[in-house]
**Q** 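First the structure, which I've put down as C-alpha cells, then a few questions once you've had a look.
Everything numeric here is computed off the predicted structure, so don't read it as measured data. Numbered from 1 within each chain, the chains take letters A, B, ... in sequence-line order.
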2 protein chains.
Amino acid sequence: MAGTRLDPIDRKILAELQADGRMTNVELAKRVGISAPPCLRRVRTLEESGYIRGYHADVDSRELGFEVQVFAMVGLNSQAEADLSAFEELCRCWSLVRECHMLNGEVDFILKCVAPDLSTFQSFLTEDLLKAENVASVKTSLVIRDAKDEPGVPFDVLEERISRNA
Amino acid sequence: MAGTRLDPIDRKILAELQADGRMTNVELAKRVGISAPPCLRRVRTLEESGYIRGYHADVDSRELGFEVQVFAMVGLNSQAEADLSAFEELCRCWSLVRECHMLNGEVDFILKCVAPDLSTFQSFLTEDLLKAENVASVKTSLVIRDAKDEPGVPFDVLEERISRNA
DNA sequence: CGTGAAACCGTCGCCCC
DNA sequence: GGGGCGACGGTTTCACG
C-alpha cells in the first residue's frame with residue numbers, strides 16, 4: 001500500500017526494471033545483490049503495492065507510421081469539477097490523445113497527441129476536440145523533433161535526496 | 001531496418017508487448033496465433049530493426065516521492081541549429097527534465113519535468129534553466145492531476161488506417 | 001513456420017538468521 | 001520479518017525438418 005517505505009534494494013529493483021523491464025529475475029537478483037526468490041517476492045510486492053504499474057515495450061512511433069506529434073493547450077468555459085471530469089473522460093476515449101494533464105494557470109489542460117499524418121490530426125481537432133462540449137480554446141504546437149524522451153523518474157535525484165536526508 | 005513492412009502478426013506482437021512488456025514468449029505466441037520459436041524470432045527482429053526500442057517498468061512517480069510535475073515552455077534567443085542543439089544537449093544532462101521536444105510556433109521547446117517538491121524544481125528553474133546560455137523566456141505550468149497518461153501509440157488507429165488503405 | 005530437446009528460469013516449500 | 005537452498009514445472013532457445 002501507499003506510503004510503505006522502500007529500502008535501498010527495492011529502489012535498485014525499481015531503477016533496474018525501469019531501465020530494462022524484460023530483465024530476468026535471476027539477472028535482476030544478481031544486480032541488486034540478493035538471491036532470486038526474495039528478489040521475486042520483492043518485485044511482486046512492488047507490483048501489488050502500486051509502485052510498479054505495469055511493463056510496456058517502448059515502440060518507435062515514427063517508424064510505425066505516426067509521423068505527427070502535437071501538444072494541444074485546451075481552455076474550457078467552465079472549470080466546475082463536473083465539467084473538468086467530463087472533459088477528462090472524453091480524452092480517455094480519444095485514441096489520438098495519449099496524455100491529458102490538468103494544469104494551473106491560464107490554460108486548463110495540456111494534451112499530447114499522435115497521428116499518422118496532419119490531416120488525421122486536423123480532422124480530430126476540428127471534428128472532435130473543437131466541437132466538444134465546454135471547450136473554449138485550443139492552441140496546438142507541432143513537435144519538430146524530440147531531443148529527449150525518457151519514461152519514468154530520475155533515480156539519481158531520489159538517491160541523492162535520500163542520502164542528504166539520512 | 002527502417003521501412004521494413006510489418007505484417008498483421010508483427011503489429012499484433014507490438015500491440016501486445018506495448019500493453020504488457022513482461023508477457024512470456026509462449027503467452028505472446030499463443031495470442032498472436034503462432035508457435036513460440038518463430039514468435040521469438042519476430043520479437044528479436046523487431047528489436048533489432050528499431051521498432052522496439054526497449055522495455056520499461058512503469059513506476060508510480062508520485063508514490064516514489066516525485067510530487068511535482070511541470071511543463072516548461074522555453075523560448076531561445078537564437079534558433080540557429082548549433083544553438084538549438086546546444087540547448088538540447090543541456091536538457092539531456094538535466095535529470096529533472098524527462099522530455100524535451102522542439103516545437104513550431106512562438107515557443108521553441110516544451111519540457112516535461114519532475115521533481116520531489118516545489119523547492120527542488122524552483123532551484124532547478126532559477127539556477128539551471130533560466131541561467132542557461134541562450135534561454136530567453138520560460139513559462140512553467142504545474143500539473144494538477146493526470147487524467148490520462150498512456151505510453152506508446154494507438155494500435156486501433158493504425159489497424160483502421162491499414163484496412164482502409166488495403 | 002513447426003517440432004523436439006536441452007538449458008535456463010520462475011516459483012514454491014522449507015529451513016535459517 | 002527477510003534471505004538462502006533445493007526441486008519441480010514451465011519457458012527460452014537451440015538445431016533441424
**Q** Please give, in whole Å, the distance from dT11(C) P to R42(A) CZ?
**A**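 It is 17 Å, rounded to the nearest whole Å.
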**Q** Nearest to the P38(B) side chain among dC1(C), dT11(D), dT11(C), which nucleotide is it?
**A**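 The answer is dC1(C).
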**Q** Does any non-hydrogen side-chain atom of F66(A) lie less than 4.5 Å from one of P154(B)?
**A**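 Of all side-chain heavy-atom pairs linking F66(A) with P154(B), at least one is under 4.5 Å.
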**Q** dG3(D) C1' sits how many Å from L40(A) CG, rounded?
**A**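 For the pair L40(A) CG and dG3(D) C1', the rounded distance is 14 Å.
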**Q** Whole angstroms only, please: what is the CD-P distance between E27(A) and dC9(C)?
**A**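 Rounded to the whole Å, the gap is 9 Å.
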**Q** Specify the separation, in whole Å, of atom NZ of K30(A) and atom P of dG3(D).
**A**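 Rounding to the nearest Å, NZ of K30(A) and P of dG3(D) are 19 Å apart.
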**Q** Roughly, in whole Å, what's the span from CZ in R44(B) to P in dC1(C)?
**A**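 Spelled out: CZ on R44(B) to P on dC1(C) is 16 Å.
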**Q** Give one of base, sugar-phosphate or nothing for T24(A), where a contact means two heavy atoms less than 4.0 Å apart.
**A**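 Counting heavy atoms under 4.0 Å across all strands, the contact made by T24(A) is with sugar-phosphate only.
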**Q** Take atom CD of E47(A) and atom C1' of dT11(C), then tell me their distance rounded to the nearest Å.
**A**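 Answer to the nearest Å: 14 Å.
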**Q** Checking side-chain polar atoms at under 3.5 Å, does E81(A) have a donor or acceptor matched by the opposite partner on S85(A)?
**A**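 Yes, because at least one side-chain N or O of E81(A) sits under 3.5 Å from a partner of the opposite role on S85(A).
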**Q** Decide yes or no for Q69(A) and R62(A): does some side-chain heavy atom of the first lie under 4.5 Å from some side-chain heavy atom of the second?
**A**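 Yes - at least one pair of side-chain heavy atoms lies under 4.5 Å apart.
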**Q** Are any side-chain N or O atoms of R92(B) and backbone N or O atoms of K148(A), one a donor and one an acceptor, separated by less than 3.5 Å?
**A**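 Checking the backbone N and O of K148(A) against the side chain of R92(B), no donor-acceptor pair under 3.5 Å is found.
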**Q** Mind calculating the distance between CG (N25(B)) and P (dC1(C)) to the nearest angstrom?
**A**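 So the CG-P distance, N25(B) to dC1(C), works out to 12 Å.
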**Q** Phosphate oxygens OP1/OP2 of dT13(D): is one of them under 4.0 Å from a side-chain N or O of R41(B)?
**A**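 No.
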**Q** Between M23(B) and G33(A), who's closer to the 5' end of DNA chain D by nearest nucleotide?
**A**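 Here G33(A) is the residue nearer the 5' end.
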**Q** Round to the nearest Å and state the distance from I9(B) atom CD1 to dC1(C) atom C1'.
**A**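 Between C1' of dC1(C) and CD1 of I9(B): 9 Å.
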**Q** Want to settle it: does R22(B) or D7(B) sit nearer the 5' end of DNA chain C, counting the closest nucleotide to each?
**A**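 Final value for this comparison: D7(B).
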